[in-house]
Every structure is written in C-alpha cells, then in structure tokens.
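Proteins get letters first, then strands, A, B, ... in listed order; numbering begins at 1 in each. Small disclaimer: the values here were computed from a predicted structure and weren't measured.
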Amino acid sequence: MRFTLSQEQLDFAASIDACLTDTGPKGLAELGVPALLVPERFDGLGAEPIDLVVAFDQLGYHAVPGPWVDTVAVLPALLDDEILAGVAAGETLASIVYRPHVPYALDADNAEAKLFVDGDDLRTFTAGRLLSSVDKARRLFEAEPGEVIGKAADAARAFELGALATTAQLLGLGRWLLDNSVAYAKQRKQYGREIGQYQAIKHLLADVVTRLELAKPLLYAAALSLRPRDVSAAKVAVADAAYSAARTGLQVHGAIGYTAEHPLGARLTKARALITAWGTQGFHRTRVLESL
Amino acid sequence: MDLDLDAATIAFRDEARDWLRSNLPDRRLASFDTAEGFAEHREWEARLADARWSVVSWPSEFGGRDASLLEWVLFEEEYYAAGAPLRVNQNGIFMLAPTLFSHGTEEQQRRILPKMARSEEVWAQAWSEPEAGSDIAALRSTATRTEGGWLLNGQKTWSSRAAFADHAFGLFRSDPASTRHKGLTYFMADLRADGVTVRPIPQLDGEPGFAEIFFDDVFVSDVDVIGAVGEGWKVAMTTANNERGLSLRSPGRFLAAADRLVDEWSRHGRPREFADRVADAWIGARAYQLYTFGTVTRLAEGGQLGPESSVNKLFWSHLDVALHETALDLLGPESEVDDWSGGWLFSLAGPIYGGTDQIQRTTVAERLLGLPRGDR
C-alpha cells in the first residue's frame with residue numbers, strides 16, 4: 001500500500017497550476033490534460049483516473065470554464081472512435097447529456113461532439129434555448145434527443161468518470177476558497193487587528209480544512225477503484241466540504257465576497273452548480289447505502 | 001498510489017482475525033470501571049499477551065510483534081470488527097509506551113514495558129489538574145528535590161482508570177521559579193506509595209471511570225523521571241500527539257460502529273428518514289480509515305505527526321458523537337435501555353479529553369493554516 005500521490009503526480013499538478021496561473025487554459029493541451037483518458041492508439045496518454053483527479057482538482061482550483069468533464073473525463077469512455085484523436089490534440093470539445101443527472105448540455109454551441117446518453121444507446125441532440133445557470137460561467141442549453149448513432153462503449157463507466165471529475169473540481173474549488181479565506185483573514189483588519197486573530201474566524205476555518213482533508217482520501221480511493229460506492233462516498237463528502245468552504249469563505253470575506261467584482265462569488269456559485277451535477281447528494285447517498 | 005496489501009500483510013491480518021475469532025471471551029466483560037470488570041479485563045489482556053496480540057507494534061523483546069504501522073491499523077480493524085473488549089491499559093499502551101520508546105532509558109523500558117504488555121501493571125494518566133484542563137502549562141503540582149529522588153505534592157484530576165490502576169504518569173513543576181511550559185518534569189509514580197490518596201469520581205454512567213489523585217510528599221526515585229529534568233513539556237508532546245492522532249482512536253473503532261449502525265438501520269426496515277445520517281456516518285468512518293492510510297504512508301516515508309493530529313481528533317470526535325446520536329434516534333424509545341446509550345455517553349467525552357475541540361481548532365488554525373496567534 002502506498003496511499004499518497006506520487007512525485008510525478010505532484011509535479012503534474014504543479015505544472016497545471018503554473019500554466020493556469022500564467023497563461024490560462026490555452027496551455028493545457030500541451031500538458032496533455034485533454035489527452036489523459038484517450039487511448040494511445042488515438043494519440044492519447046491512456047492515463048489512470050487518479051491522474052484525471054489530479055488535473056481536475058487544478059481546473060477546479062482555477063475555476064476554468066468549459067465542458068472539460070464532458071470532453072476529457074466522459075467522452076473517452078463513451079466512444080472508441082477517431083474523434084478522440086481530436087480530443088487528445090485539444091481541438092475537439094464534447095457536450096454530453098446524461099439524464100436524469102445531467103439534463104442540460106454545457107457549451108453545446110461550441111461542441112463538435114454532441115451526445116445524448118440513453119441507456120446503452122448514444123444519440124445526437126439538437127441544442128435549444130440557452131438557460132441561465134446559477135454559475136454565470138456555465139452556459140447550459142436545452143437538448144432535444146435525435147437519432148441513435150450507436151452503442152456507448154461503457155455508459156456506466158462514463159458516468160462514474162463524470163462524477164469523479166466533478167468531485168475533483170469541487171475539491172479544487174474548496175481548496176481555493178479555503179486558501180483565499182485564510183489569506184484574507186491574515187490581512188483584513190477590524191477593531192485594530194487582523195480578523196484571523198479572532199477565535200471565531202479561526203474555528204470556522206479549522207472546520208473547513210478538517211472537512212476538506214478528510215474528504216480528499218475518499219476521492220483518491222474512488223479514482224483507484226471507480227466502484228459506484230466509492231465514487232458516491234467521495235462526491236457526498238467532497239461536495240459537503242466544498243460547500244462549507246464556500247459558505248465560510250463568504251462569511252470571512254463579508255460584503256466584499258458578495259460582489260460580482262470579487263472572485264469569491266464565482267467559486268461559490270460554481271460549487272453550488274457542481275454539487276447537483278453528475279448525481280445529487282441524495283442520489284449518491286442512496287447509492288452508498290444500497291451497496292452496504 | 002494504491003491500497004493493495006502484500007501477501008505478508010494479508011497473512012498477518014488473517015492470523016489476527018482467526019485468533020480473535022477463536023479466542024474472544026464467550027460473554028461480554030463487565031465494565032472495566034468496576035472492580036470485577038477490571039479484573040476480567042486484566043485476564044483478557046494476559047490472554048492477548050500470551051498470543052502476542054496485546055502490543056503488536058512493539059519490538060518482540062517487550063512482547064510485541066514488530067508490526068508495522070499499517071499492520072497495527074489492520075489489527076485494530078480486526079479487533080474492533082470482532083467486538084473484542086476495550087483495552088483497560090490503553091493509557092499505558094498508547095500514551096506512556098510511545099513516550100518511553102522515544103525518551104525512556106533502557107532500564108525504564110525493560111522494567112516497565114513487559115508488565116504493561118500483560119497488564120500486570122495498569123497505568124493511569126495524571127495530566128489534568130483542577131485549574132488546568134487542556135492548559136497543561138498551568139500545572140501547579142510540584143516536585144521537590146530530595147535525597148535520591150523527588151517529593152511529589154499536589155492534586156491531579158479526571159484521571160481515567162485511576163480508581164483501579166497501579167501506576168500513574170504525569171507532569172510536575174520541578175522548578176518553583178518557572179512559569180508556563182518551562183520547568184516541568186515527566187514522572188512515573190506508584191499509586192500504592194505512601195502519601196498517595198486516590199478518590200474515585202463516578203462518571204455519567206455512574207461507574208468510577210475517573211479519579212482524583214492527591215500527592216502528599218510522595219517519594220519517587222530518579223529512575224522514574226522520563227527524559228531530562230525540566231524538559232517534561234517536550235516529552236509530553238510526544239504523548240499528546242499520540243493521543244490526538246493515530247494511536248488512541250484507530251479507524252477500526254468507527255468502522256465497526258458504522259457497520260453496526262447500518263445493520264441496525266436495516267433491522268428497522270431501512271427507514272428513509274434516517275438514510276442521510278446513516279450514509280454520512282458510514283462515509284465518515286470510511287473517510288477516517290482512508291485518511292489514516294494516508295498518514296501511515298506519510299509516516300512510513302519518514303514524515304512526522306504534526307498539527308494534522310488535531311485535524312484527526314476534530315474529525316473523529318464529531319464522527320463518534322454523530323454516529324451514536326443517529327443510532328439512538330433510530331432506535332427510538334428502545335435506545336434508552338440499549339447498549340448504544342453507553343457508547344453515546346462515551347462518545348460525548350471525545351470532544352473534551354486529549355485537548356478540547358476548541359483547543360484543537362485553534363491549533364489547526366494557527367499551526368496548519370498559519371493564522372496569527374491572538375487571545376485564547
């Protein structure tokens with residue numbers, strides 16, 4: 001047993017972090033992020049789900065918009081097709097509807113691959129009206145299913161990977177919210193001293209780091225097994241931890257955190273959107289219990 | 001990254017499982033906070049020790065199996081899953097022993113550890129004082145130099161197992177001019193020595209789980225000082241991290257309780273109204289197990305237990321209470337007379353002993369998150 005990330009994985013995370021800090025999502029294809037789960041015969045990396053977790057944690061930390069879960073995590077499990085070579089090259093985007101868990105299509109207007117998962121069948125869909133998400137960076141479209149175009153390679157695995165990648169994004173979001181709330185508490189003064197000196201603030205943040213730290217190993221274990229029980233346990237715990245990081249982060253920031261000009265709000269609304277994406281808390285809790 | 005066990009580790013775990021299955025007492029032992037139960041638990045400990053299962057992580061020369069940290073965690077999982085008795089000497093085995101391994105002399109180790117392994121000598125922890133709970137640095141009990149040793153004076157309280165234990169370990173102020181963390185020395189004392197008075201204090205369950213210990217010119221020899229004179233605080237920190245961190249609350253305990261809770265919920269027809277709480281309790285126990293595997297890996301690679309042990313304690317103390325509260329609510333009026341209520345009473349002590357939740361949160365905030373120190 002060696003239950004910790006390898007040096008290579010830590011280095012990979014650091015490269016993504018540096019890339020997103022400096023240049024934004026443009027450099028991600030060069031680092032191989034879209035190619036992670038694409039098989040080697042389509043010029044992909046054939047990497048493991050744990051590497052996907054490492055990458056999506058960083059995408060969440062930097063709140064990168066776009067259909068990354070659909071394209072990078074889910075599509076390679078649905079198809080065994082040349083189109084994956086385009087994904088690996090960072091040229092092809094996918095938008096996937098997986099009802100009832102994913103009822104609307106993210107960034108459908110920019111996606112080359114528009115798939116509607118219907119049991120084991122794959123259909124295309126026609127994008128309809130643009131909806132307004134609680135997360136302003138998520139452009140969701142209504143989807144009208146069309147013709148069956150084939151069988152899904154592994155629809156069940158695709159779902160687990162979608163939930164796993166979403167969970168990793170939530171962990172990254174939670175980490176950002178914690179880091180920035182801690183930084184703010186060290187700098188912001190009230191009544192003549194940093195608010196981080198007050199026990200009330202300290203204890204809120206201590207609870208957030210406790211929740212995040214104890215949720216993280218569930219995510220890693222889920223990546224190792226991809227068993228439904230493990231994925232669901234991780235999604236429940238990480239989503240709860242990220243949400244508490246968001247609520248606490250807003251409380252620590254006070255009114256400035258409630259403004260559109262501050263980056264905290266975008267994280268808070270993204271956390272809320274991802275909590276119900278790829279399986280609600282209720283769905284995932286039920287799946288855990290049914291497995292016991 | 002992997003969670004796979006190698007063949008030798010699996011063999012170790014299976015041997016523990018088989019032994020426990022065939023050697024568990026055929027009935028539930030009386031509480032070790034009663035005289036009868038204490039004697040029964042000593043017998044059980046001797047049986048464990050005969051098969052070298054009482055202190056698996058210790059070196060074999062002291063009765064252990066040289067087990068790795070991972071093997072110890074797996075042994076604990078088996079122990080709790082089997083429903084084996086609580087460890088009457090846990091304060092000695094999990095708090096004093098690690099201190100002796102780090103700071104004790106060879107003579108102390110040879111004199112104390114083998115008897116501890118068999119619970120021939122049961123140890124009580126004498127940390128707290130009436131005016132100093134989690135604030136160990138406010139201790140007022142004194143140690144005064146005398147011919148060949150020290151005279152201990154003062155009062156300790158909330159000392160678990162002390163009503164029936166043989167010995168105690170704790171900190172005394174050896175430099176009368178000192179304040180706070182300086183000038184404290186770590187002593188071991190015989191609870192039957194002249195000048196010691198033990199006054200049992202009944203706990204919420206009515207049994208004398210606690211005691212006050214009064215020291216009135218109690219002589220202890222120099223050989224009963226652990227570490228350097230005046231360095232007791234540093235020595236004690238080894239023990240405190242053990243108490244908060246890995247050793248006292250192994251994940252096996254919560255996994256076993258979570259599995260029992262799921263069984264209880266199934267037996268009651270899996271009522272929807274409790275589903276979320278049952279799921280969260282099980283997920284919490286699983287999270288704690290996996291977090292421990294991460295800690296085991298980190299320690300095996302040369303890492304140290306730092307402020308993470310406070311994260312650990314905050315998590316399990318909440319988990320334990322939530323788990324038991326869920327069980328009581330699920331059982332309804334039956335819970336009043338069920339064993340779960342005893343477990344619930346015990347769980348309520350978790351957020352208090354070994355440093356309160358409030359102390360742990362402050363430690364996490366200042367030492368892990370780097371927030372500035374301020375008023376306590």
- Query: Quick one: of A:L289, A:T210, A:L218, A:V288, who has the most non-hydrogen atom pairs under 4.5 Å with chain B?
  - Reply: A:L289
- Message: Is A:L5 close to chain B through its backbone or its side chain, or both, or neither, when contacts mean heavy atoms under 4.5 Å?
- Response: both
- Message: Given heavy-atom pairs under 4.5 angstrom as the criterion, report whether the side chain, backbone, both or neither of B:D2 touches chain A.
- Response: both
- With no hydrogens and no angle check, is any side-chain donor or acceptor of A:R267 less than 3.5 Å from a backbone partner on A:L173? no
- Query: Parallel, tilted or perpendicular: which describes the rings of A:H101 and A:F283, with under 30° parallel and over 60° perpendicular?
  - Reply: tilted
- Item | Residue A:L224 versus chain B: region with a heavy atom under 4.5 Å | side chain
- Please flag which part of A:R211 lies under 4.5 Å from any non-hydrogen atom of chain B: side chain, backbone, both or neither. neither
- Task: Tell me, for B:L3 versus chain A, whether the close heavy atoms (under 4.5 Å) come from the side chain, the backbone, both or neither.
- Result: both
- Message: Non-hydrogen contacts under 4.5 angstrom with chain A: give the residues of residues 268-281 of chain B involved, or none if there are none.
- Response: B:R270, B:R272, B:A275, B:D276, B:V278, B:A279, B:D280
- Which region of B:Q358, side chain (C-beta onward) or backbone (N, CA, C, O), has a non-hydrogen atom less than 4.5 Å from a non-hydrogen atom of chain A, or is it both or neither? both
- Item | Considering all heavy atoms, the nearest B:D357-B:S317 contact | OD1-OG, 3.1 Å
- Query: Cation-pi between B:R260 and B:W265: NZ/CZ under 6.0 Å from ring centre and within 45° of the ring axis?
  - Reply: no
- Message: Check this for me: A:R157, atom CZ, are more than 12 non-hydrogen atoms of other residues, nucleotides or ligands nearer than 6.0 Å?
- Response: no
- Choice from A:D207, A:L205, A:I50, A:V236 maximising heavy atom contacts with chain B below 4.5 Å: A:D207
- Item | chain B contact via A:L178 - side chain, backbone, both or neither, heavy atoms under 4.5 Å | side chain
- Tell me, yes or no, whether the heavy-atom count around B:Q304 atom CD, taken from other residues, nucleotides or ligands under 6.0 Å, exceeds 12. no
- Query: When the ring planes of A:F3 and B:F293 are compared, do they come out parallel, tilted or perpendicular, using 30° and 60° as the limits?
  - Reply: perpendicular
- Task: May I ask you to check whether B:H181 and B:W233 place their ring centers less than 6.0 Å from one another?
- Result: yes
- Test applied, ring-ring contact (aromatic ring centres under 6.0 Å, His included); reference residue, B:F254; option that passes from B:Y291, B:F315, B:Y288, B:Y80: B:Y288
- Task: Answer with side chain, backbone, both or neither: which region of A:S225 has an atom nearer than 4.5 Å to a non-hydrogen atom of chain B?
- Result: neither
- Query: Ring centres of A:W68 and A:F56 under 6.0 Å apart?
  - Reply: no
- Message: Tell me if the aromatic rings of A:F159 and A:Y98 count as close, with their centers under 6.0 Å from one another.
- Response: yes
- Query: With only heavy atoms counted, which part of A:T4 is less than 4.5 Å from chain B, the side chain, the backbone, both or neither?
  - Reply: both
